[in-house]
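Position 1 is the first residue of the sequence; numbering continues from there.
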Amino acid sequence: FPVTIKNEEEIKAHYRTDYRACPTSNNLFTGQRKVHFHHAFLAPLFEEWKKEGRQNPEIYEIGAAYGMALAWVRDFYPGAKVGGTELTISYRRNAYHEYGIELTEDFDDSKKYDLIMSYKVAEHQLDIDKMLLKYKSCLKENGLMYISVPIWFGQMNNFGMAGFDLEYYYDPNHINVWSKKLFESLLK
């Protein structure tokens, strides 16, 4: 746990402005890579839902960055109702102006969702066990949680950068660190 951050409000303040700069072309490049990843996992599910006749599934993303994944969802599944959270102010603004997606800081637990997505966000959250239970309580019957977390040091790669830079990708202010076994135990 980072000694420089003492509570949830300080963590939010850090991620609002200090964690990352405005989106750049590098974000676009890595965002496309992530969209391909999402497509591999979610396209078959969305096709199944379409065959079942689901017109307007509710899809919510925790830590939606600048909205690229939600824009892909909306393009792939035009009837989908999308929403999400993001703390970084410049990323929220980009999602709104680029994709017309309004992101909020806090999870909307007043609704039930068909799918809640979380891609490499849980390492930034306090009390992730409690957050996962909250997300679970907001899933519709047969709703799904789609989650990816970095399994630290299992495989070093550059994530689209010229050479591996540990400090760039693995922010020193991450709160949680997992092995595959540890994260699977948390989910159980």
Q) How many angstroms lie between NZ in K181 and CD in E184, if you round to the nearest 0.5 Å? A) 10.0 Å
Q.
Any salt bridge linking R16 with E9? Criterion: basic side-chain nitrogen under 4.0 Å from a carboxylate oxygen.
A. yes
**Q.** K136, NZ atom: more than 12 neighbouring heavy atoms under 6.0 Å
**A.** no
Q) In terms of hydrophobic clustering (I, L, V, M, F, W, Y; side-chain heavy atoms under 4.5 Å; direct or indirect links), are V149 and L186 co-clustered? A) yes
Q: Any chance you could measure S185, atom OG, to K180, atom NZ, to the nearest 0.5 Å?
A: 12.0 Å
Q) Which residues pass the ring-ring contact (aromatic ring centres under 6.0 Å, His included) test with Y146, sequence neighbours left out? A) H38
Q. Do I147 and V121 come close enough that some side-chain heavy atom pair is under 4.5 Å?
A. no
**Q.** Shared hydrophobic cluster, I89 / I101 (ILVMFWY, side-chain heavy atoms < 4.5 Å)
**A.** no
Q. So which heavy atom on P44 is nearest to which on A40, and how close?
A. CD-O, 3.7 Å
Q: Answer yes or no: is there a donor N or O on one side and an acceptor on the other, between the side chain of N56 and the main chain of K81, under 3.5 Å?
A: no
Q. Do E105 and R92 sit within salt-bridge range, that is, some charged N less than 4.0 Å from a carboxylate O?
A. yes
Determine all donor-acceptor pairs shorter than 3.5 Å in which one atom belongs to a side chain in residues 62-73; sequence neighbours excluded.
residue, atom, partner, partner atom, Å
Y66, OH, N27, O, 2.6
Y66, OH, L28, N, 3.4

Q.
Let me confirm one number: the CD-OG distance from E123 to S118, rounded to the nearest 0.5 Å.
A. 8.0 Å
Q) Which value, rounded to the nearest 0.5 Å, describes the distance between C138 atom SG and K112 atom NZ? A) 5.5 Å
Q: Treat each ILVMFWY residue as a node, draw an edge where side-chain heavy atoms are under 4.5 Å apart, and state whether L133 and I128 are in one component.
A: no
Q.
Would you say CD of E102 has more than 12 non-hydrogen atoms from neighbouring residues, nucleotides or ligands within 6.0 angstrom?
A. no
Q. Same hydrophobic cluster for L87 and Y96, using side-chain heavy-atom links shorter than 4.5 Å among ILVMFWY?
A. no
Q) Is the closest side-chain heavy-atom distance between M117 and I59 below 4.5 Å? A) yes
Q | Beyond-backbone contact of L103 with T85, side-chain heavy atoms, under 4.5 angstrom | A | no
Q | Atom NZ of K140 with >12 non-hydrogen neighbours under 6.0 angstrom | A | yes
Q) Is there side-chain contact between D129 and M131, with heavy atoms separated by less than 4.5 Å? A) no
(Q) I need the minimum non-hydrogen distance between L139 and G143, along with the two atoms involved. (A) CD1-O, 3.9 Å
Q: Taking T88 for its side chain and S90 for its backbone only, find out whether a donor-acceptor pair lies under 3.5 Å.
A: no
Q.
Do L42 and F76 make a side-chain contact, defined as non-hydrogen atoms from C-beta onward lying under 4.5 Å apart?
A. no
Q | CG-CE distance between L187 and M145, expressed to the nearest 0.5 angstrom | A | 8.5 Å
Q.
Using a 6.0 Å distance limit plus a 45 degree cone around the ring axis, check whether K134 lies over the aromatic ring of F107.
A. no
(Q) Using a 3.5 Å distance criterion without hydrogens, assess whether the side chain of D127 forms a donor-acceptor pair with backbone atoms of K130. (A) no
**Q.** Any side-chain heavy-atom pair of Y77 and R54 under 4.5 Å
**A.** yes
Q) At their closest point, which heavy atom of W49 faces which heavy atom of P57, and how far apart are they? A) CZ3-CB, 3.7 Å
Q.
Can you confirm whether the side chains of D108 and S110 place a donor and an acceptor under 3.5 Å from each other?
A. yes
Q.
Any salt bridge linking K12 with D106? Criterion: basic side-chain nitrogen under 4.0 Å from a carboxylate oxygen.
A. yes
(Q) With a 3.5 Å distance limit and no angle check, can you tell me whether D114 reaches the backbone of E58 through a side-chain donor-acceptor pair? (A) yes
Q.
Around atom CZ of F37, are there more than 12 heavy atoms from other residues, nucleotides or ligands closer than 6.0 Å?
A. yes
Q) What residues form a side chain to side chain donor-acceptor pair (under 3.5 Å) with Y135, not counting sequence neighbours? A) Q125
Q. Of all heavy-atom pairs between R33 and Y119, which one has the smallest distance, and what is that distance?
A. NH1-OH, 3.9 Å
Q: Locate the shortest heavy-atom distance separating R74 from Y99; write the atom from each residue and the value.
A: NH2-O, 2.7 Å
